[in-house]
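To find a chain, count down the sequence lines: A is the first, B the second, and so on, and within it residues start at 1. Treat the numbers as computed from the prediction; the structure is a model and nothing was measured.
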2 protein chains.
Amino acid sequence: MNRHLFLTDRSLSLPGWLAAFPEARVRPHPASGDEFTDTAVRLAWIHVGPADDVAARVRVAARVLPGARLIVLANVPGQNQGLAALEAGASGYLSALAAPELLRQVASVIENGGLWVGPELLDRLLAAIAPRDGARRAPAVLDRLTPREREVALAVAGGAANKEIANRLGIAERTVKAHLGAIYETLGVRDRLQLSLLINGLPKPGN
Amino acid sequence: MNRHLFLTDRSLSLPGWLAAFPEARVRPHPASGDEFTDTAVRLAWIHVGPADDVAARVRVAARVLPGARLIVLANVPGQNQGLAALEAGASGYLSALAAPELLRQVASVIENGGLWVGPELLDRLLAAIAPRDGARRAPAVLDRLTPREREVALAVAGGAANKEIANRLGIAERTVKAHLGAIYETLGVRDRLQLSLLINGLPKPGN
DNA sequence: GCCGGTATTGAACCAAAGGACGATGAGCCG
DNA sequence: CGGCTCATCGTCCTTTGGTTCAATACCGGC
């Protein structure tokens with residue numbers, strides 16, 4: 001039952017994939033001019049890097065594998081790339097490092113006619129279709145902080161170092177750290193970079 | 001293991017649901033003023049009719065069930081209602097008449113952090129955002145980096161830690177640092193946070 | 001007057017990030 | 001061939017970031 005086919009030019013992530021589907025086949029990406037077809041494949045996993053043309057990969061795969069549903073495995077998952085994949089006809093988009101368990105789950109969903117979309121990507125879709133006032137988004141998270149924490153959070157989101165913030169606010173660096181610890185706790189982020197992404201209303205990490 | 005909870009005011013569809021989750025509990029929709037909370041519920045299934053205010057139902061459920069992911073079961077599924085449900089914070093939207101097998105599948109997906117969207121609804125989402133291409137251009141700064149550096153830079157801009165990037169790319173953490181050092185040099189930034197701001201095209205990396 | 005939230009700071013510690021040396025190998029180009 | 005870029009990795013070290021123990025002080029409400 002070679003219903004699963006992995007398309008990749010690198011083999012780094014193979015172990016995880018084959019753990020999920022030991023019976024799967026693997027082959028390099030078809031070129032846009034390739035003429036062969038294979039109708040036996042039910043599910044094709046398309047491995048892409050951040051710089052690859054995902055839409056082209058998906059379209060070529062759709063042509064040579066007429067009977068297959070297509071899932072994109074991203075080395076570095078990103079929302080724009082995810083959108084491109086789905087628009088090109090892919091049925092799923094997730095990290096190439098996803099656990100075997102997750103891979104099997106996604107396969108099950110898609111074989112049954114569903115589509116898989118990660119949480120952040122769906123957020124992006126919703127944001128695109130229902131453009132709420134962008135000026136009201138950042139404050140939503142900032143409202144959960146105390147005034148002083150807000151000052152610190154905004155400075156960090158702008159790229160400032162702890163020492164700079166301490167000087168700017170006339171307090172000890174230790175106090176900046178204290179505020180930051182409280183901020184991470186209440187907003188559920190792990191460090192200043194993710195805080196910056198959150199405040200600036202950008203993609204959150206994950207698949 | 002009462003991790004599943006069905007919220008409904010009618011009981012017509014109950015048999016199918018309980019076939020999927022025999023151990024689930026069932027209770028009427030909470031009112032907007034209800035004060036109880038239940039953090040044990042992992043997955044809450046919200047049953048709505050075509051005339052219900054699905055957003056309100058979802059928000060109330062989110063309040064009284066802080067630890068739960070929310071799935072809307074629609075008596076008469078519709079795209080607009082699906083959108084409203086997802087915007088309000090639901091993690092899934094499907095027909096109340098779905099087969100038990102599908103219910104279990106959706107539950108599995110959502111418990112693992114995913115979201116469930118039916119094919120038609122996703123088509124609708126994609127169609128709605130398709131006519132947006134003007135704002136779609138990769139930052140020019142990335143052109144000044146080598147391909148590998150670009151991968152690392154994008155991962156950092158997404159909030160990843162060095163160790164994560166190393167695993168993702170299958171290289172040593174030391175190599176990630178090497179690439180980052182070169183990136184900082186090339187782009188004239190001092191750390192990963194300012195790199196993130198630069199790539200994400202935000203305000204300014206000013207000092 | 002006490003209590004909870006906020007703001008502040010210290011010492012110490014651990015983890016992550018970044019720089020400073022250096023090194024190897026693959027691939028390209030004149 | 002020799003030089004060049006790119007990618008890879010190692011060790012040692014410093015700086016920065018983040019956490020874990022605190023403690024002090026103000027302020028508003030009950």
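- At least one donor-acceptor pair closer than 3.5 Å links the side chain of Arg150(A) to the backbone N or O of Leu142(A).
- Relative ring orientation between Trp45(A) and Phe21(A) is described as tilted, the plane-to-plane angle lying within the 30° to 60° band.
- Arg144(B) has no carboxylate O lying under 4.0 Å from a charged side-chain N of Glu185(B), or vice versa, which leaves the two without a salt bridge.
- In this structure, Arg42(A) does not pair ionically with Glu23(A), as no charged nitrogen and carboxylate oxygen lie closer than 4.0 Å.
- Atom pair Glu151(B):CD and dT8(D):C1' shows a separation of 14 Å (rounding to whole Å applied).
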(message) For nucleotides 17-28 of chain D, give me one character per nucleotide, 5' to 3': B if any protein heavy atom sits under 4.0 Å from the base, S if the only such contacts are to the sugar-phosphate, - if neither.
(response) BBBBB-------
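- Here Asn162(B) contributes atom CG and His179(B) contributes atom NE2; the two are 11.5 Å apart, rounded to the nearest 0.5 Å.
- Atoms CG and CG, on Asn200(B) and Leu197(A) in that order, are 6.0 Å from each other to the nearest 0.5 Å.
- Using a 4.5 Å cut-off on side-chain heavy atoms (C-beta onward), Leu73(B) and Leu103(B) make contact.
- No donor-acceptor contact under 3.5 angstrom links the side chains of Gln194(A) and Tyr184(A), judged on distance only.
- Taking the C1' atoms of five terminal pairs at each end of the helix from dG1(C)-dC30(D) to dG30(C)-dC1(D), the two resulting helix axes are inclined by 30°, rounded to 10°.
- The aromatic ring centres of His4(A) and Trp17(A) sit 6.0 Å or more apart.
- For the pair Glu185(B) CD and dT5(D) C1', the interatomic distance rounds to 16 Å; values are reported in whole Å.
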(request) May I have the step-by-step check of side chain to side chain contact (heavy atoms under 4.5 Å, CB included) for Arg27(B) and Thr8(B), ending in yes or no? (result) CA-CA 6 Å; Arg27(B) 53 152 293 159; Thr8(B) 181; over 6 Å; no
Give every pair of a protein N or O atom and an N or O atom of nucleotides 5-7 of chain C that lie under 3.5 Å apart, one pair per line with the distance.
| residue | atom | partner | partner atom | Å |
| --- | --- | --- | --- | --- |
| dA7(C) | OP1 | Arg148(A) | N | 3.1 |
| dA7(C) | OP2 | Thr146(A) | OG1 | 2.5 |

